[in-house]
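Take a look at the structure set out below.
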There are 2 protein chains.
Amino acid sequence: MAKSSITINDIARELKVAPSTVSRALNNSNKISNATKRKIVEKAEELGYNLNMVAASLSRSQTNTIGVVIPYLNNYFYSQVVNGIEELAFNKGYRILIAQTRDSFARETEIMRTMSATRVDGIIACLSADTQSTEHLFKLIKNNIPLVLFDRVSFDFPCKKVTIDNYNAMQQSVTHLARSGYKSIAHLGGPTTCNIYTEHSKAFRETLKKEKLPLIPQFHLSSDLTEEDISEAMQIWFSLKTKPDAIITASSTAALLVSKFAREQNLSIPDDLALISLTSEPALCYVEPQITSIELPGTEIGKTTLEFLLNEIQNGAQNANTTIKPFQLIIRNSSFRNS
Amino acid sequence: MAKSSITINDIARELKVAPSTVSRALNNSNKISNATKRKIVEKAEELGYNLNMVAASLSRSQTNTIGVVIPYLNNYFYSQVVNGIEELAFNKGYRILIAQTRDSFARETEIMRTMSATRVDGIIACLSADTQSTEHLFKLIKNNIPLVLFDRVSFDFPCKKVTIDNYNAMQQSVTHLARSGYKSIAHLGGPTTCNIYTEHSKAFRETLKKEKLPLIPQFHLSSDLTEEDISEAMQIWFSLKTKPDAIITASSTAALLVSKFAREQNLSIPDDLALISLTSEPALCYVEPQITSIELPGTEIGKTTLEFLLNEIQNGAQNANTTIKPFQLIIRNSSFRNS
DNA sequence: AAATAATATGCAAGCGATTGCATGAAATTA
DNA sequence: TAATTTCATGCAATCGCTTGCATATTATTT
């Protein structure tokens with residue numbers, strides 16, 4: 001921090017007024033005459049004064065900073081969400097402090113601790129895949145720091161949440177595949193420690209049943225969706241006597257990998273194999289055929305989440321309800337036969 | 001900020017010691033006996049004490065926060081860089097404050113201003129595409145805030161920079177295409193307000209000459225690389241009598257769009273058209289054929305940049321040199337004919 | 001014109017840490 | 001044992017800004 005920086009006291013001294021007057025003038029308080037305001041603003045300009053937010057934060061017990069906690073930055077959906085948050089925050093005069101959990105519970109806990117110390121005005125978080133307990137979240141509440149969760153939420157925890165109907169996303173996907181004549185549908189799901197993926201799983205099982213399609217246990221996988229996980233699953237599935245004729249992946253990266261695998265194995269999508277991704281990213285449209293996917297309103301989710309948070313910051317804790325955002329199943333060429 | 005939070009004074013009072021003793025104990029100063037340290041740490045635990053970093057920052061004139069300023073978050077390369085920064089920062093006990101310029105100079109200026117006010121300990125930035133002046137950067141220096149630039153840098157400005165040899169990247173790309181027998185090479189470049197793109201342009205022209213290939217002015221484009229820009233360029237180029245037989249794009253998104261265009265027009269890559277991208281993202285490997293590209297060490301760049309910055313924070317301003325990071329031209333199937 | 005209200009400014013106490021200096025007690029040296 | 005260090009702790013100022021309350025000045029009301 002600059003040692004020699006100009007403070008309101010310097011301005012006050014030069015102008016022979018009280019520091020409090022300078023403070024009020026610079027904050028455009030209506031208790032200061034326009035003449036003095038002008039004088040002060042000019043002098044501030046002249047001296048190159050720059051507000052010390054740290055001091056202001058301490059004195060106001062408010063930092064105008066929002067903590068954003070996400071699993072990974074390097075992910076289309078999350079960066080869309082952060083985009084939405086950042087845009088709105090910037091306009092409302094808030095800064096954002098970002099940290100990645102990298103899906104580690106330990107990191108998440110540590111992050112919440114340091115964000116508490118930093119006295120962020122509130123936190124927006126998408127829980128890590130291996131978050132098992134909510135003790136660290138309760139500590140936030142105890143420290144009076146409002147929290148809003150999105151996407152991967154913990155229904156145990158009493159706070160506002162913004163998410164989508166994951167059950168329905170899977171249901172629509174399975175139904176669409178069934179209507180398109182696919183019979184043995186497989187699912188590459190995410191870790192079941194996470195609400196999203198358990199909702200997917202449930203919907204997968206129930207919708208297959210409703211559509212009178214078989215649920216082949218081997219075709220119902222749950223993993224961390226790493227490149228190895230995907231590749232292993234493909235190896236196994238496509239060396240079976242009855243192979244899947246459709247795959248629903250929980251992540252778009254997984255879908256892209258499946259599409260690549262299919263090309264390498266000369267499996268035609270969508271003729272031999274249909275493909276649907278439950279999340280989306282632009283690359284899905286750059287491959288051939290383009291991949292059917294669930295489009296999530298990332299930016300919109302970010303904005304809504306921040307709106308809720310700002311509301312809590314200004315008006316205190318609100319009801320702990322869950323807002324369900326709409327999604328769209330965008331049908332591209334990977335999920336229905338042209339015939 | 002929590003109104004009712006526990007302070008070191010509360011701990012001091014309960015234990016009948018001085019606040020300074022508590023502060024020293026919690027900072028593990030060696031001037032406090034182990035017995036009192038233990039007592040204090042226990043009591044802190046018991047009361048649920050959580051350091052107020054805002055107060056600590058004010059009093060220490062140091063926030064342990066690094067500002068990160070990038071054009072867009074939602075971009076593979078930048079998120080890699082931020083990844084590298086975040087990882088190292090976390091380990092070193094620094095937080096990161098992120099802001100996007102969205103390639104607007106006005107926003108960049110405003111961001112630098114608020115980051116100064118926030119008293120970040122230093123700033124890492126990749127300049128916006130339309131940054132014309134460096135006045136806002138000089139203000140940082142005047143405020144004693146160290147700055148390190150990466151990727152899109154301003155050579156006018158005296159500070160450490162981390163970048164790659166963009167001239168060489170283009171040179172290698174053109175040479176590779178020439179050696180592979182492509183004759184009319186086109187370039188979809190970025191805005192020339194940016195050092196990167198002017199370096200590309202220069203190398204493009206000079207290398208074509210060296211390779212005794214024609215420089216067709218129409219094939220040397222500079223734009224913002226939006227979807228419309230690309231699509232327009234394609235329309236025009238492929239309605240000419242002599243069409244390009246190779247395209248070098250400045251962004252990977254542009255490359256993916258070209259690849260999509262080619263597929264739609266039944267142009268075979270690499271037979272009818274070669275394609276090289278001067279930046280990289282995973283999607284380049286998901287399309288068919290996979291796209292040759294320049295791979296940049298994003299995470300590495302992030303780490304190095306932060307290391308330089310931390311060094312300046314600790315030891316004061318250093319020499320304003322530029323560090324050139326190595327890149328790799330990864331040749332995939334889009335840039336040489338199989339024959 | 002006296003009484004009241006509105007306006008503009010100053011005073012001083014915070015906000016919650018950190019830290020240089022002083023001090024008393026215990027340990028070491030001569 | 002007296003003199004000198006070393007060790008552990010406390011005192012009080014400081015970081016730069018905000019804000020409730022007091023006060024002086026000017027404007028409005030009756």
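Proteins come first, then strands; the chains are lettered A, B, ... in the order of their sequence lines, and each starts at number 1. Hydrogens, waters and symmetry mates are skipped; everything else that's a heavy atom, side chains included, is used.
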Could you work out which one of [options] sits closest to the side chain of [X]?
X     : options                : result
A:T36 : C:dA17, C:dT9, D:dG16  : C:dT9
B:T7  : C:dA17, D:dT9, D:dC17  : C:dA17
A:S23 : C:dG16, D:dC17, C:dT18 : D:dC17
B:T21 : D:dG10, C:dT9, C:dA17  : D:dG10
B:R24 : D:dT18, C:dG16, D:dG10 : D:dG10
A:I32 : D:dC17, C:dC15, C:dT9  : C:dT9
B:A56 : C:dT18, D:dA8, C:dT9   : C:dT18
B:S59 : C:dT18, D:dG16, D:dC17 : C:dT18

Practice problem: Check ring-ring contact (aromatic ring centres under 6.0 Å, His included) between B:F155 and all other residues, then give those that pass, not counting sequence neighbours. | Solution: none

Does [X] reach a base, just sugar-phosphate, or nothing at all? Heavy atoms under 4.0 Å.
X     : result
A:N34 : nothing
A:S33 : sugar-phosphate
B:V17 : sugar-phosphate
A:K37 : nothing

Could you give the [atom1]-to-[atom2] distance, from [X] to [N], as a whole number of Å?
X      : N      : atom1 : atom2 : answer
B:D10  : C:dG16 : CG    : P     : 9 Å
B:K31  : C:dA25 : NZ    : C1'   : 15 Å
B:L58  : C:dC15 : CG    : P     : 14 Å
B:L26  : C:dT19 : CG    : C1'   : 15 Å
A:R38  : C:dA8  : CZ    : C1'   : 15 Å
B:R60  : C:dG20 : CZ    : P     : 13 Å
B:I8   : C:dC15 : CD1   : P     : 13 Å
B:R119 : D:dC17 : CZ    : P     : 7 Å

Quiz item: Hey, are B:T131 and B:S128 close enough side-chain-wise for a donor-acceptor pair under 3.5 Å?
Solution: yes

For [X], check side-chain contact (heavy atoms from CB on, under 4.5 Å) against everything at least two apart and list the hits.
X      : result
A:N50  : B:R113, B:S116, B:A117, B:R119, B:N143
A:L51  : A:Y49, A:M53, A:A56
B:K139 : none
B:R102 : A:N83, A:E86, A:E87, B:Y72, B:Q100, B:R107

Quiz item: Considering only heavy atoms and no angle criterion, is a donor-acceptor pair shorter than 3.5 Å present between the side chain of B:S20 and the base of D:dC11?
Solution: yes

Exercise. Please name the residue in the list B:K325, B:K303, B:Q80 that meets the side chain to side chain contact (heavy atoms under 4.5 Å, CB included) test with B:P297.
Key: B:K325

Practice problem: Would you indicate, yes or no, if C:dT18 has its OP1 or OP2 atom less than 4.0 angstrom from a side-chain nitrogen or oxygen of B:N27? | Solution: yes

Practice problem: Indicate yes or no for a side-chain donor-acceptor contact from B:T101 to the backbone of B:D103 under 3.5 Å, with no hydrogens or angles considered. | Solution: yes

Self-check item: Of B:L51 and A:K16, the one whose closest DNA chain C nucleotide lies more 5'
Solution: A:K16

Quiz item: To 10°, what angle do the rotation axes through the five end pairs on each side of the helix from C:dA1-D:dT30 to C:dA30-D:dT1 form?
Solution: 30°

